[in-house]
Amino acid sequence: MASKIFRISCPRSELDLNITLQCGQSFRWRRVSPGSEKWRGVVGNVVWTLSQDDSYLICQPHFSHSQYTTPYFSQHGRKRKKDMELGIQIKPTNSEKVLDCISVRMLRQDPVENVFSFICSSNNNIQRITMLVDRLCKLYGSLLTTVEGTTWHSFPTVAVLAGDGVEDTLRAEGFGYRAKFIHKSAKQILERGGEKWLHSLRLLPYKECHSQLMSLHGVGAKVSDCICLMSMGHLDAIPVDTHVFQIAARDYLPHLKTRKTVTDKVYQEIGDHFRTVFGEYAGWAHSVLFSADLKIFQALRPESQNGNKKQGIKKCKHL
DNA sequence: ACCCGACCTGCTAT
DNA sequence: AATAGCAGGTCGG
């Protein structure tokens, strides 16, 4: 049931789908077919097919029923580039790959999806995280629609994830020790007021938001920062994982090279350093550096070929 | 305040 | 072929 297509003015230099949808912010986007430049995924309760040329995003919703959607790509502007250039000048290591990834855009995700996706991320790799998140949606989400023979499901509600037997089921489905984290966090969120409570955290200052999220079982400092950055609107949150730790030790804080693990103190030090170097969009800059170090982007060369025909075009401010 | 080992799973390297 | 190492960490001691 294809419907209207939305064209959104947005230069590829400021938002590259291939990087943004594949760099480990969201685990729900798939290429329409192998090698395709079109992406398909779920935002809220709507399946979208996204593509772009050098100047526009082209967005097609697949409705099964009438819906609308809230802004998904964050609106942080061009000033961020200055911050990034400043950072690159200070530390040129890896700068070529970094420039390839500068067109990553932070998403503004739904907090529920963000929380449970990143609970799945602990001590895990992107491929398996993607598989687990997909499994979570198929098990506990509701069927939205079928597109070209593929079924698409919504992300599960908190109440469903808090239900009886969820932990045992998830363990049997290969979630490992994360099964308990998911079930218990869902129950904690429900006790505090459910989705409404989680959304209300967006009103808090960064530090408070960060510590509230950390009260959830399975959400530590790193996952909490992922949520702050990717769904709470805190563009200065710095998730420090093993990868960012390596980058920091290599390019910014050489005295960390001798350390084996990220302690709370080192975690804080790296975040503060990034915020000092990159300013208010430090979290975005962190994602550029993180993406540049990801294996899948090592051989990146996004050559644009376009010439997309369009019909039934409609203007839309945001997705 | 700080550090350490255990923990599920599945892919990779040796 | 078997085994250690690692992946966007967190928890409890």
Side-chain angles (χ1 to χ4, degrees), chain A residues 19-29 94 97 101 104 106-107 109 113-136 139 166-189 210-232 234 237-250 255-256 258-272 274 282-298:
Chain A
I19 300 168
T20 301
L21 300 181
Q22 217 183 175
C23 69
Q25 290 188 69
S26 168
F27 303 95
R28 299 208 71 200
W29 294 91
N94 210 26
K97 287 173 197 157
C101 291
V104 67
M106 296 319 299
L107 301 174
Q109 300 187 59
E113 174 167 336
N114 210 208
V115 164
F116 293 103
S117 295
F118 276 89
I119 285 177
C120 292
S121 78
S122 77
N123 201 13
N124 210 344
N125 58 58
I126 290 182
Q127 189 185 341
R128 203 163 81 95
I129 300 162
T130 304
M131 186 189 72
L132 294 180
V133 170
D134 187 62
R135 206 168 286 177
L136 202 58
L139 277 170
V166 166
E167 180 182 341
D168 291 342
T169 302
L170 291 181
R171 211 164 243 281
E173 290 286 336
F175 284 71
Y177 57 78
R178 301 163 196 84
K180 184 161 108 183
F181 292 168
I182 290 169
H183 190 213
K184 189 165 175 190
S185 274
K187 287 195 286 191
Q188 286 178 297
I189 293 170
H210 188 260
S211 76
Q212 286 287 312
L213 289 166
M214 275 187 68
S215 70
L216 299 173
H217 195 62
V219 177
K222 188 269 176 182
V223 168
S224 179
D225 267 324
C226 285
I227 301 161
C228 284
L229 176 62
M230 300 170 189
S231 66
M232 296 294 176
H234 294 296
I238 312 290
V240 180
D241 60 9
T242 56
H243 224 88
V244 172
F245 171 57
Q246 302 295 335
I247 294 170
R250 185 190 67 203
H255 66 278
L256 296 181
T258 54
R259 309 210 57 122
K260 276 185 84 173
T261 56
V262 181
T263 62
D264 289 354
K265 193 180 165 189
V266 170
Y267 188 98
Q268 192 63 40
E269 184 185 358
I270 294 173
D272 287 343
F274 272 53
W284 167 79
H286 141 280
S287 290
V288 176
L289 298 175
F290 176 82
S291 299
D293 260 45
L294 277 183
K295 209 163 267 175
I296 46 168
F297 296 140
Q298 289 298 307

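By convention in this document, chain letters (A, B, ...) are assigned in the order of the sequence lines, proteins followed by strands, and residues within each chain are numbered from 1.
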Ring geometry between A:Y177 and A:F181 (parallel below 30°, tilted from 30 to 60°, perpendicular above 60°): perpendicular
Range on DNA chain C touched by chain A, heavy atoms, distance below 4.0 Å: C:dA7 to C:dG12
Nearest-0.5 Å distance that lies between atom NE2 in A:H183 and atom CG in A:L170: 8.5 Å
Spacing of CZ belonging to A:R178 relative to OG belonging to A:S185, to within rounding of 0.5 Å: 13.5 Å
Flag side-chain contact, heavy atom, 4.5 Å: A:I119 against A:L216: no
Contact check, side chains of A:S117 and A:R28, non-hydrogen atoms, under 4.5 Å: no
Describe the nucleic acid contact of [X] in one word from base, sugar-phosphate, nothing, applying a heavy-atom distance below 4.0 Å.
{"X": "A:C23", "answer": "base"}
{"X": "A:Q25", "answer": "base"}
{"X": "A:V244", "answer": "nothing"}
{"X": "A:A221", "answer": "sugar-phosphate"}
{"X": "A:I247", "answer": "nothing"}
{"X": "A:F118", "answer": "nothing"}

A:I126 or A:M214, whichever maps to the more 5' nucleotide of DNA chain C: A:I126
What integer number of Å spans the [atom1] atoms of [N] and [M]?
{"N": "C:dG8", "M": "B:dC7", "atom1": "P", "result": "22 Å"}
{"N": "B:dA6", "M": "C:dG5", "atom1": "P", "result": "14 Å"}
{"N": "C:dG13", "M": "B:dC8", "atom1": "P", "result": "15 Å"}

Atom CD of A:E173: over 12 foreign heavy atoms under 6.0 Å: yes
Exceeds 12 heavy-atom contacts within 6.0 angstrom, atom CG of A:D272: yes
Sugar-phosphate or base contact per nucleotide [nucleotides 4-14 of chain B; S, B, -; heavy atom under 4.0 Å]: ---BBBS----
Test of ring centre spacing under 6.0 Å for A:F118 and A:F27: yes
Dot-bracket encoding of pairs in DNA chain C, which uses [ ] for pseudoknotted crossings and | for another strand, Watson-Crick or G-U under 3.5 angstrom: .||||||.|||||
A:D134: partners by salt bridge (Lys or Arg N to Asp or Glu O under 4.0 Å), with sequence neighbours left out: A:R30, A:K138
With A:D293 via salt bridge (Lys or Arg N to Asp or Glu O under 4.0 Å) - residues at least two apart: A:R250
Under the ring pair (Phe, Tyr, Trp, His ring centres under 6.0 Å) test, residues paired with A:F245 that sit two or more places apart: none
